[in-house]
Amino acid sequence: MNPNPKSRPGASSPSSAAGPAAPRPKSARRRSRELALQGLYEWQISRAEFSVVRSHMREQEDFGKCDNARFDALLQGCIEQAPALDSLLAPHLDRPIAELSPIEHGVLLIGLYELQHCLDVPYRVAINEAVELAKAFGGTDGHKYVNGVLDKAAVDLRPAEVAAQRLARSAPRAE
C-alpha cells in the first residue's frame, strides 16, 4: 500500500480569482485514523503482532501530528476485536469478508469500532471519516460501499441516535 493517499482530481480547493485556496490541515484524529488504517493493512497482510505494527506506524514521518491515544485505541481495538467486529459487519455485506479488499476491510473495521466504542464521535462523523479514508486509500467506488455498509450497521449499533437524526431531517423547517 502506498503510505500516501491517492491524488484525486478536484481534491484540492477550487481556484478563485485571487488564486487557489490553501488546503485545510488534517486534524490529529484524521491522521490517527489514516495511520491506524495503514497499520491494519500491514496486520492483515503480515499477521504481525500488534506491538510490531504499532512500532512500524510510530516510525512514520507524520506520526507526531496524530492523536496518539486515538491511534492506539483504533489500532489495538480493531486488531483485538476483529472477529467480533467482523461478526457485526457480516450481515450488512453483499459478499464474504474474505472477498473484501484489505483497505475496505480496514476502513470498515475502523468505522465499526468507532460506532461501537467512540460514543463521543457522532455516528454521521464516524461514517463520514470512514468514507474519507476509503476515498483517499481505497478503490474507485469503495467509498460508496463503505458508506452503505456503515449506514446499515449504525442502525444496529446506535439505533436511538440514528432515529433522532432521521426524525430531525424529516421534520418540517420553520420559516
Side-chain angles (χ1 to χ4, degrees), residues 1-5 26-93 95-139 142-162 165:
M1 177 178 80
N2 182 348
N4 296 319
K26 292 180 184 177
S27 72
R29 281 190 173 187
R30 167 95 31 110
R31 288 178 194 275
S32 300
R33 290 179 184 103
E34 289 177 350
L35 288 167
L37 176 60
Q38 291 174 40
L40 286 172
Y41 181 87
E42 178 182 339
W43 173 74
Q44 289 179 81
I45 300 302
S46 70
R47 289 299 179 193
E49 294 289 324
F50 162 72
S51 60
V52 172
V53 174
R54 181 179 60 189
S55 292
H56 289 161
M57 292 301 103
R58 288 180 179 272
E59 293 170 1
Q60 298 297 315
E61 184 177 322
D62 283 349
F63 186 81
K65 297 178 183 176
C66 84
D67 177 338
N68 294 335
R70 177 70 56 162
F71 164 78
D72 283 340
L74 290 173
L75 184 63
Q76 186 170 13
C78 289
I79 289 173
E80 289 178 355
Q81 297 178 26
L85 293 170
D86 282 345
S87 69
L88 293 171
L89 181 62
H92 305 293
L93 299 176
R95 58 185 173 251
I97 290 171
E99 292 180 15
L100 293 173
S101 78
I103 296 297
E104 285 177 345
H105 190 203
V107 169
L108 289 167
L109 288 174
I110 289 171
L112 279 173
Y113 182 87
E114 285 200 307
L115 286 171
Q116 187 173 40
H117 298 287
C118 302
L119 301 180
D120 62 316
V121 178
Y123 90 96
R124 291 301 312 154
V125 172
I127 293 171
N128 186 60
E129 288 295 324
V131 166
E132 291 302 317
L133 283 174
K135 284 180 180 178
F137 293 95
H143 66 282
K144 295 176 185 175
Y145 186 71
V146 165
N147 186 53
V149 170
L150 291 178
D151 239 7
K152 293 175 192 170
V155 173
D156 293 342
L157 294 171
R158 296 201 191 173
E161 188 179 352
V162 171
Q165 179 73 29

Without placing hydrogens or testing angles, list every side-chain donor-acceptor pair under 3.5 Å for residues 119-127, not counting sequence neighbours.
unit_1 : atom_1 : unit_2 : atom_2 : d
Asp120 : OD2    : Arg29  : NH2    : 2.8
Asp120 : OD2    : Arg70  : NH2    : 3.2
Arg124 : NH1    : Asp151 : OD1    : 2.8

So how far is it from His56 NE2 to Ser51 OG, rounded to the nearest 0.5 Å?
9.5 Å
State, to 0.1 Å, how close Ala134 and Val146 come at their nearest heavy-atom pair, and which atoms those are.
CB-CG2, 4.0 Å
Search all heavy atoms of Leu85 against all heavy atoms of Gly77 and return the closest pair with its distance.
CD1-O, 4.4 Å
Side-chain heavy-atom pair Leu88, Asp156 within 4.5 angstrom cut-off:
no
What's the spacing between Arg54 CZ and Leu35 CG if we round to 0.5 Å?
13.5 Å
Take Arg58 and Asp72 through the side-chain contact (heavy atoms from CB on, under 4.5 Å) test and state the conclusion after the steps.
CA-CA 10 Å; Arg58 288 180 179 272; Asp72 283 340; 2.8 Å; yes
Tyr41/Phe137 aromatic ring centres below 6.0 Å
no
Determine the sole option in Arg31, Arg30, Lys135, Lys26 for which the salt bridge (Lys or Arg N to Asp or Glu O under 4.0 Å) test with Glu129 is passed.
Arg30
Closest non-hydrogen atom pair between Gly39 and Leu75, with its separation
C-CD1, 3.8 Å
Would you call Arg33-Glu114 a salt bridge at under 4.0 Å N-O?
yes
Can you tell if the side chain of Trp43 reaches within under 4.5 Å of the side chain of Val52, non-hydrogen atoms only?
no
Give, for atom CD of Glu132 and atom CD of Glu34, the distance between the pair rounded to the nearest 0.5 Å.
10.0 Å
Does Leu112 form a side-chain contact (heavy atoms from CB on, under 4.5 Å) with Gln81? I'd like the steps, not just the answer.
CA-CA 10 Å; Leu112 279 173; Gln81 297 178 26; over 6 Å; no
Looking only at non-hydrogen atoms, find the nearest pair between Cys78 and Leu40 and report the distance.
CB-CD2, 3.7 Å
So how far is it from Ile79 CD1 to Arg47 CZ, rounded to the nearest 0.5 Å?
9.0 Å
Just verifying a value: how many Å separate Leu74 CG and Tyr113 OH, rounded to the nearest 0.5 Å?
6.5 Å
Can you name the closest pair of heavy atoms from Leu150 and Ala130 and give their distance?
CD1-CB, 3.4 Å
Test side-chain contact (heavy atoms from CB on, under 4.5 Å) on Asp86 and His105; report intermediate values, then the result.
CA-CA 9 Å; Asp86 282 345; His105 190 203; 2.7 Å; yes
Shortest non-hydrogen contact between Ile45 and Pro102, atoms and distance
CD1-CG, 4.0 Å
Paired with Leu100, the side-chain contact (heavy atoms from CB on, under 4.5 Å) test is passed by just one of Val149, Leu108, Leu109, namely Leu108
When rounded to the nearest 0.5 Å, the distance separating CZ of Arg95 from CD of Glu104 is 5.0 Å
